[in-house]
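The next block holds one structure in the form of structure tokens; read it before the comments.
Here is how names work: the chains are called A, B, and so on, in the same order as the sequence lines, proteins then strands, and each is numbered from 1. Below, all heavy atoms of this structure are taken into account, side chains as well, without hydrogens, waters or symmetry copies. Keep in mind that this is a model prediction, so the values were computed, not measured.
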There are 2 protein chains.
Amino acid sequence: MSSEKTRKKILDVAEQMIAEHGIGRASLRMIVAKAGVNLAAVNYHFGSKQGLILAVFKRHIDPINNERIRRLDALEAEAGEQPVPLEKIIESFLLPAFQMKLKDPKQRQRIMRLFGRMHAESRESQKLVFEEFSTIFQRFHAAFQKTLPILTPALVAWRMRFMLGTMFSMMIVPPEFEKFKLSEDDSPELEVVFHQIIAFVAAGFRADATGLERKGAEK
Amino acid sequence: MSSEKTRKKILDVAEQMIAEHGIGRASLRMIVAKAGVNLAAVNYHFGSKQGLILAVFKRHIDPINNERIRRLDALEAEAGEQPVPLEKIIESFLLPAFQMKLKDPKQRQRIMRLFGRMHAESRESQKLVFEEFSTIFQRFHAAFQKTLPILTPALVAWRMRFMLGTMFSMMIVPPEFEKFKLSEDDSPELEVVFHQIIAFVAAGFRADATGLERKGAEK
DNA sequence: GTCTGTTTCAAACGAACGTTTGAATTAATG
DNA sequence: CATTAATTCAAACGTTCGTTTGAAACAGAC
């Protein structure tokens with residue numbers, strides 16, 4: 001069955017082109033040319049361009065979200081009645097997105113850029129990201145809340161959004177704009193950035209909320 | 001001179017459409033239809049669509065960046081030899097972007113979304129944002145460094161990027177996706193978010209860098 | 001080998017886009 | 001008022017896009 005070959009080829013090239021040029025600018029003609037398949041194959045296999053984008057996205061986001069839940073489950077099982085340490089929660093959320101089990105570091109970065117695009121670019125894909133996200137969001141919200149009972153639920157939600165912003169900001173900026181690189185190589189940089197983000201976000205979560213509560217806690 | 005009227009009309013509508021639909025999807029035909037001007041007027045006054053986008057962007061970013069510098073100057077003059085308090089630096093950076101002196105809160109949010117788009121969408125506008133940004137970046141980097149001498153320059157730069165990510169994350173997400181609104185009204189929400197971000201980012205900047213230094217400080 | 005359903009292919013369709021053109025209109029100048 | 005420059009306008013240009021079409025190539029089943 002050669003059908004699967006074609007599907008995979010299209011998906012591979014599409015995610016590459018979207019990461020590189022963006023959703024709107026990555027045309028089907030570019031994709032099929034690089035993939036060596038016929039133009040009509042996209043609509044045959046995926047129905048439409050939107051269907052292709054959705055397929056590209058789903059292929060990666062589902063394993064990542066599953067891994068997030070899996071890690072959080074393990075942490076909570078280990079902690080028992082105790083709340084899970086803050087850094088561990090953050091790590092279980094961020095790590096699956098940063099260390100997707102991809103052979104090629106180049107491709108890993110490609111996927112990260114893809115997620116950044118999805119998050120930022122089109123209305124539809126943005127909606128998709130958030131919908132795909134809502135159950136995960138609630139799950140982690142509860143975990144954060146238990147670890148930081150001082151914070152109001154609304155404040156926890158805000159700080160989760162800040163965490164997302166921090167994460168996406170590292171995903172969307174093309175490498176050539178990075179003024180301050182920590183290293184030349186790519187994959188160790190990701191490792192470093194990952195720990196940087198955890199330290200930054202964890203401190204942000206622990207920030208004193210006095211004064212913010214009064215303003216932001218009526219719900 | 002009716003020429004200025006036309007220019008302004010185009011700029012106003014363009015920034016509205018870009019904020020609403022994005023750079024790629026906001027077509028010149030949409031813009032001129034809503035603005036009540038001729039299609040060719042855009043190319044006459046701005047040369048090209050890219051020229052229009054650039055004009056839309058520059059119209060707002062320049063005053064904001066000037067205000068940022070102005071506030072930082074004032075803070076440093078006041079502090080004398082002392083380093084400027086961390087929260088003050090962050091505030092002088094964020095506040096001008098959040099409280100542009102715009103009458104209409106609706107338009108304020110529109111501009112914020114516009115910046116989010118510029119930051120995330122097309123390669124060209126992204127490049128523009130970063131170029132426009134580099135002098136500001138260096139200026140604030142020095143201020144942060146003076147206040148937090150424990151951190152390496154590279155670490156300061158990273159955390160500034162996290163700050164940017166946090167800021168942009170609040171700019172780019174359409175209101176209909178916000179699950180946890182703190183209030184129904186729009187403009188007080190912005191005030192609250194603003195203080196939330198400062199508290200979060202300040203804590204992030206102060207995060208313990210032990211262990212990160214060794215990994216991230218070879219430069 | 002023949003038949004049946006699946007997959008590929010070249011070609012074209014219709015729509016939307018940014019841009020250009022050249023005439024018409026308006027404003028400014030002497 | 002006449003002349004010149006600046007601005008607006010309707011119309012069209014040339015591309016590119018996502019999608020559709022119908023025939024050709026291919027697959028596996030009998």
Atom [atom1] of [X] to atom [atom2] of [N]: distance rounded to whole Å?
X       : N      : atom1 : atom2 : result
B:Leu28 : C:dC17 : CG    : P     : 9 Å
A:Phe46 : D:dT19 : CZ    : P     : 13 Å
A:Gln50 : D:dT19 : CD    : P     : 9 Å
A:Lys49 : D:dC17 : NZ    : P     : 8 Å
A:Met30 : D:dT15 : CE    : C1'   : 16 Å
B:Tyr44 : C:dA24 : OH    : C1'   : 14 Å
B:Leu39 : C:dT21 : CG    : P     : 14 Å
A:Ile10 : C:dC9  : CD1   : P     : 10 Å

>> Closer than 4.0 angstrom, basic N to acidic O: yes or no for B:Asp12 and B:Lys34?
In response: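 Salt bridge: no.
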> Considering only heavy atoms from C-beta outward, does the side chain of A:Val201 approach that of B:Phe162 to under 4.5 Å?
Replying inline: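 In short, these two side chains do not touch, never coming nearer than 4.5 Å.
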> Which one, C:dG18, C:dC13, C:dA10, comes nearest to the side chain of B:Arg29?
Replying inline: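 Of the options given, the side chain of B:Arg29 lies nearest C:dG18.
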> B:Ala40 side chain: which of C:dT19, C:dT21, D:dT19 is closest?
Replying inline: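 Output: C:dT21.
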Strictly below 4.0 Å: does [X] bring a side-chain N or O up to OP1 or OP2 of [N]?
X       : N      : value
A:His45 : C:dT6  : no
B:Ser27 : C:dC17 : yes
B:Asn38 : D:dA10 : yes
B:Thr6  : D:dT7  : no

>> If you take the centroid of each ring, where Trp contributes its six-membered ring, are A:Phe133 and A:Phe57 closer together than 6.0 Å?
In response: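 A:Phe57 vs A:Phe133: aromatic centres not under 6.0 Å.
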>> Please report the interatomic distance CZ(A:Phe205) to CD1(A:Ile90), rounded to the nearest 0.5 Å.
In response: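 CD1 of A:Ile90 is found 5.5 Å from CZ of A:Phe205.
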>> A:Glu76 and salt bridge (Lys or Arg N to Asp or Glu O under 4.0 Å): which single residue from A:Arg139, A:Lys88, A:Arg70 fits?
In response: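 Of the listed residues A:Arg139, A:Lys88, A:Arg70, the salt bridge (Lys or Arg N to Asp or Glu O under 4.0 Å) partner of A:Glu76 is A:Arg139.
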> Within the structure shown, what part of the strands sits under 4.0 Å from B:Ala41 by heavy-atom distance: base, sugar-phosphate, or nothing?
Replying inline: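 Touches nothing.
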